[in-house]
Amino acid sequence: MNKVYEFKEIEKKWCNFWIEKKIFSAKPDKSKKPFTIVIPPPNITGSLHMGHALNNTLQDILIRFKKLQGFNVLWVPGTDHGGIATQNVVEKLLKKEGKTKYDLGREKFLEKMWQWRNETGDTILNQLKKLGCGLDWDRTAFTMDESRSKAVKKTFIHFFNKGLIYRGKRLVNWCPRCTTALSDIEVEYENEKSNLWYIKYPIKNSNDFIVVATTRPETLLGDSAVAVNPDDERYKNLVGKILILPLVNKEIKVVSDFIIDKNFGTGAVKVTPAHDSTDNEIAKRHNLEIIEIIDSDGKMINVDGKYVGLTVLEARKKIAEELETHFLEKVEPYQHAIGRCYRCSTAIEPIMSHQWFLNVKEMSEKAIDVANEEKTKFYPSSWKKPYILWLENLRDWCISRQIWWGHRIPVFYCIDDKGNKNECPPIASFEEPKECPHCKGKNFTQDEDVLDTWFSSALWPLSVLGWGEDENNESLNYFYPTSTLATGHEILYLWVARMVQFGLELRSDIPYKDIFIHGIVRDKHGKKMSKSLGNVIDPIGVMENFGTDALRFALAQAAAPGRDMQISDESFLAARNFANKIWNASRFIIMNLDAIDSLDDKFCPSELADIWILSEFENSSKKIKSFYETYNIDSAAREIYDFFWTKYCDWYIELSKIRIMSDDIKTKKEVLSILIYILKIFLQLASPIMPFITSEIWQILNNPDCQIIAESHFSNDSLEFFQETALNKMSAIQEIISNIRTLRSEMNISPSVQISALFNILDDKNTSLVKENQDYIKRLAKINSIEFGKNIERPKNSALEVVGGFEIFLPLEGLIDIEKEKLRLTKELSNAKQELERTTVTLQNENFTKRAPQSEIDKIKARQNDAATKIKKINGSLNFLL
RNA sequence: GGGCAGUUAGCUCAGCUGGAAGAGCAAUUCCCUUACAAGGAAUAGGUCGCAGGUUCAAUUCCUGCACUGCUCACCA
């Protein structure tokens, strides 16, 4: 074995092995419990970023852990076609050639899309392989492949026939750049600086006027009323009066509506029903005219000729100028939220448009119920409330998009010979109908729109298990509902909530039992990683520089449930060092193993150190397992690190060397058996997070030919070595050792110099323990001989420490600096005096002694005692030195 | 405006069923000791955001406040 863990070759080897041997392919097996995860399908446009690396590392950890527990695990891979986002990417490529999608036409453009997807769509899946993900690659799915397409059509038809899907002209969020409608959650609001224009609306037959405040003067052209709050005294007399719309000279009414806030602006609001959702609702309540003035390309229409064709911003400028002379009271700078397209950041225009909608009311209620009943549980639970609140306020989902890349809406219209639509009801169907049931017509045209990409995503847990083709297939019946969904919170509404709705509607069952929500990866300054900020850390680069296990460990360790994490090269470096530590500790054991012929499976812990490390390990492994179970992956990683480094390596391996170096083969074998026993289980426990290095060492330890840690199971045998007293005994020894080490260090005794020690027994509580285990002290504190005794006089030129019932003298003839020792002892004396003071005050407090539990009182008493002893001894010693 | 997090050592974060403040990185000192210098030993550094309350005891529980971040929302 190399002195340094060389990860590159080893990682490549295991990646290939897991895939070629199909270690993670899963078949239904009734004799085992399933554990299922479906991957949040990455978009085919993407390559692996830190967010993917985190998300998939966490899933892989769960999968590998459950596999060790004996579950029949399935993790389904796949990618998402990514609707608008992907189309935009290909459109940009076309633009470089100086072309638009219209130059190609729908069919040719789609060919281009498919070609692009076939060339680059698998990039990210290959990167997941490199990350070590235990996915069942034979089940790789794509949201637009045949099976998934069937599922989408089937679902649409189901909703359509149930009357839940309908088409209508409604006010929708429109992206003029993508030229498509968006759903409410696809709009991102950002605060921006703008103005608030105060415009005078003259009252008919009067010299008076009402002033309205608006951020959008250009929409004045589409106003059909001015609204005020019914309780607003200022305007009470004006409700019902007629106003003259400036510039347009049209008559509009003053209406009263509860939604108006008296305290904002002037308390009077212009109502533009065709281009504002609040105004649209007011219009419904007051039966107002809806006047469309903005077109689907974001330009003015349908109004006075001089504005037609202007963009919204041009019109705003022009109208503001025209208002200035007679109608503008004032303009104030104002900051407010502007909706932008989540795919291209263009300002959203609310416009009236024919779209398909899905009524989600009933599904939402069911989705709320399963969360309330904890059939689906959130980890951390704090996400439950936002989830429920969102569902409670949900409006119908606009599911149609005016783009080409996606699932075309499976609705067919009966047409006449000239291609005009007949009056017949549209038909939802898998294929083009043969005959119209209404008019017996034979010609049809399919709806032009495609479905929101999130519509197919909402079906993901069902569709990847073959629901589209067969609702009763074995995989679906066995693996559904899935066990856990692991995802970041940014798609809780876009995706997670909708899968619950669809699962309950289509299969009457939740899609997953647990929802594990992790945070977002940020840079070391807490900033979100983004290309524009240039602070992106490429996970592939990290894998190459530090190793994949290091990347995974760093991510795991940072992944506190529900919290964002800051990560940098330092995190990866620490993780790489840990991997190297595991490597070297194992190397040490394996080297010693090579020197003996065979090892017994069973062993009998004979020494304090053995029982101690086995007890510590039992504690740690219980903790680690329970952390994995409860999605506290960060805690699991920390416990793995702490146990291995500070307990196993720093103490136990060091102590084991006493016996490993011994000539007695039996002694040697015994301690090696324990080292190996712990190492093996430790490797299992660490393998979900660090699968590569643990696989490699496991194989070396067991059998170079065939032993696979990923296919091993946790042993059920409880060896029950645990002894509480061993923990206490060992910590007494450790305390003595570290005190001597400190003493040596402060006296500048070189670590390579062996010295002798005198242990003056002050209290017999630890005498036999320390005598029995004095070799530990000798070894770890570099002491060549210890003399025990009562009433040992302090030798000249020695350093002193009072600890654990002993007065320890280190004779340092020729090594000691008397002044330094005085200084040190004075400091210790002062500490001890403070301690005595504190404990004495506490014990004098009757409230404490009366009410505190006895164990607490005993502890304080013991501390008081120790302090008193220490003071006495140090005082004596100081006098001695003077 | 509503909701949710967070505020602990220079940095990144643990700890919180209430009983003497922890890790990693960075810093300082010493050491290439026969697994590991990607290492070992030791040191220094914190009135645990602020103010109250409950308690014998509060970083930990309660209340209020401040600041930071996220998120939702019809303030034109």
Side-chain angles (χ1 to χ4, degrees), chain A residues 1 3-5 185 189 196 212-216 219 227 259-261 263-272 276-282 334 336-337 380 382-383 385-386 389-390 393 489-490 492-493 519-520 522 524-526 528 546 550 557-558 560 562-571 573-592 634-635 638 641-642 645-646 649-650 653-654 657 661 738 741-746 748-754 780-782 835 838-839 842 845-853 855-857 859-860 863:
Chain A
M1 285 174 83
K3 201 167 173 178
V4 170
Y5 171 53
I185 28 175
Y189 291 89
L196 198 54
V212 302
T214 183
T215 53
R216 301 199 62 183
T219 60
I259 209 160
I260 305 301
D261 178 359
N263 301 318
F264 185 85
T266 60
V269 179
K270 61 194 270 319
V271 180
T272 320
D276 182 280
S277 67
T278 310
D279 293 4
N280 195 269
E281 283 169 30
I282 295 173
Y334 184 63
H336 70 132
S382 53
W383 283 102
K385 200 170 167 183
L389 274 175
W390 184 76
N393 297 308
H489 51 72
E490 69 274 13
L492 178 64
Y493 309 131
I520 292 170
R522 297 170 178 280
K524 66 190 290 189
H525 307 292
K528 218 167 170 171
F546 299 95
Q557 199 184 26
R563 285 198 52 185
D564 290 353
M565 62 208 73
Q566 285 166 244
I567 227 162
S568 65
D569 274 5
E570 283 127 53
S571 341
L573 197 68
R576 182 205 60 177
N577 292 353
F578 182 49
N580 201 47
K581 188 75 180 177
I582 296 175
W583 183 256
N584 274 298
S586 308
R587 188 164 72 97
F588 171 75
I589 293 167
I590 290 162
M591 271 165 46
N592 284 293
D634 60 324
S635 303
R638 229 185 316 276
Y641 186 100
D642 285 345
W645 205 309
T646 62
C649 291
D650 289 350
I653 290 189
E654 289 312 316
K657 286 176 181 172
M661 305 301 171
S738 35
R741 282 169 168 176
T742 306
L743 203 52
R744 291 180 58 122
S745 179
E746 289 187 344
N748 285 339
I749 313 297
S750 162
S752 54
V753 174
Q754 294 271 345
L780 297 193
K782 295 278 158 76
E835 172 77 353
R838 260 201 312 262
T839 47
T842 310
N845 182 350
E846 274 190 30
N847 280 324
F848 173 77
T849 47
K850 268 187 203 159
R851 303 185 197 218
S855 63
E856 201 53 38
I857 296 170
K859 257 194 231 168
I860 306 271
R863 277 164 49 194

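All chains are named by letter (A, B, ...) in the order of the sequence lines, taking the proteins before the strands, and each is independently numbered beginning at 1. Values below: every heavy atom of this structure, side chains too, minus hydrogens, waters and symmetry copies. This is a predicted model, so every value here is computed, not measured.
For the pair A:Val269 and A:Val212, the minimum side-chain heavy-atom distance is 4.5 Å or more. Proximity of A:His489 to A:Asp564: side-chain heavy atoms (C-beta onward) are separated by under 4.5 Å at one or more points.
Using P as the reference atom, B:A57 and B:G19 are 14 Å apart when rounded to the nearest Å. Here, B:A23 and B:A14 have their C1' atoms 7 Å apart, quoted to the whole Å. Rounded to whole Å, the separation between the C1' atoms of B:C13 and B:A21 comes to 15 Å. Between the P atoms of B:C50 and B:G10, the separation comes to 14 Å (whole Å). Of the C1' atoms belonging to B:U55 and B:A38, the separation is 49 Å, rounded to the nearest Å. Spacing of P atoms, B:A9 relative to B:G1, comes out at 30 Å, to the nearest Å. Remark: the separation of the C1' atoms in B:C11 and B:G45 is 13 Å, to the nearest Å. Comparing B:C67 with B:U43, their C1' atoms are spaced 35 Å from each other, to the whole Å.
Distances shown here put every side-chain N or O of A:Gln557 at or beyond 4.0 Å from the OP1 or OP2 atom of B:G24. Listed pair A:Asn393 / B:A73 fails the phosphate criterion, with no side-chain N or O lying under 4.0 Å from OP1 or OP2. For B:A76, the OP1/OP2 oxygens have a side-chain nitrogen or oxygen of A:Tyr334 closer than 4.0 Å. For the OP1/OP2 pair of B:G40 and a distance below 4.0 Å, the side-chain nitrogens and oxygens of A:Trp645 include at least one atom meeting the criterion.
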Please produce a list of atom pairs where a protein N or O lies less than 3.5 Å from an N or O of nucleotides 32-35 of chain B.
from: B:A35; atom 1: OP1; to: A:Lys657; atom 2: NZ; distance (Å): 3.2
from: B:A35; atom 1: O3'; to: A:Arg587; atom 2: NH2; distance (Å): 3.2
from: B:A35; atom 1: O2'; to: A:Asn584; atom 2: OD1; distance (Å): 2.9
from: B:A35; atom 1: O2'; to: A:Arg587; atom 2: NE; distance (Å): 3.4
from: B:A35; atom 1: O2'; to: A:Arg587; atom 2: NH2; distance (Å): 2.5
from: B:A35; atom 1: N7; to: A:Lys657; atom 2: NZ; distance (Å): 3.2
from: B:A35; atom 1: N6; to: A:Glu654; atom 2: OE2; distance (Å): 3.0
from: B:A35; atom 1: N3; to: A:Asn584; atom 2: O; distance (Å): 3.2
from: B:A35; atom 1: N3; to: A:Ala585; atom 2: N; distance (Å): 3.2

Polar-atom pairs under 3.5 Å, protein N or O versus N or O of nucleotides 14-19 of chain B: list them with distances, or write none.
from: B:A14; atom 1: OP1; to: A:Arg563; atom 2: NH1; distance (Å): 2.9
from: B:A14; atom 1: OP2; to: A:Arg563; atom 2: NH1; distance (Å): 2.8
from: B:A14; atom 1: O2'; to: A:Arg638; atom 2: NE; distance (Å): 3.3
from: B:G19; atom 1: O2'; to: A:Glu856; atom 2: OE2; distance (Å): 2.7

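Contact record, A:Arg576 with A:Phe546: CG-O, 3.6 Å, taken as the closest heavy-atom pair. The two residues A:Asn580 and A:Val4 come nearest to each other via the heavy atoms OD1-CA, 3.7 Å. The minimum heavy-atom distance linking A:Ile260 with A:Gly267 is given by the pair CG2-O, 3.4 Å.
Salt-bridge check for A:Arg638 with A:Asp642: failed, with every basic side-chain N at 4.0 Å or more from each acidic carboxylate O.
Residue A:Asn845 is classed as a sugar-phosphate contact, given heavy-atom separations below 4.0 Å to backbone atoms only. When heavy atoms are screened at a 4.0 angstrom cut-off, A:Thr215 is found touching the sugar-phosphate backbone but no base atom.
In this model, a side-chain donor or acceptor of A:Arg576 finds a partner on the base of B:A38 within 3.5 Å.
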Trace of the side chain to side chain contact (heavy atoms under 4.5 Å, CB included) decision for A:Lys657 with A:Phe588:
CA-CA 10 Å; A:Lys657 286 176 181 172; A:Phe588 171 75; 3.8 Å; yes
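Across the protein-nucleic acid pair, A:Glu746 atom CD and B:U28 atom C1' stand 13 Å apart, rounded to whole Å.
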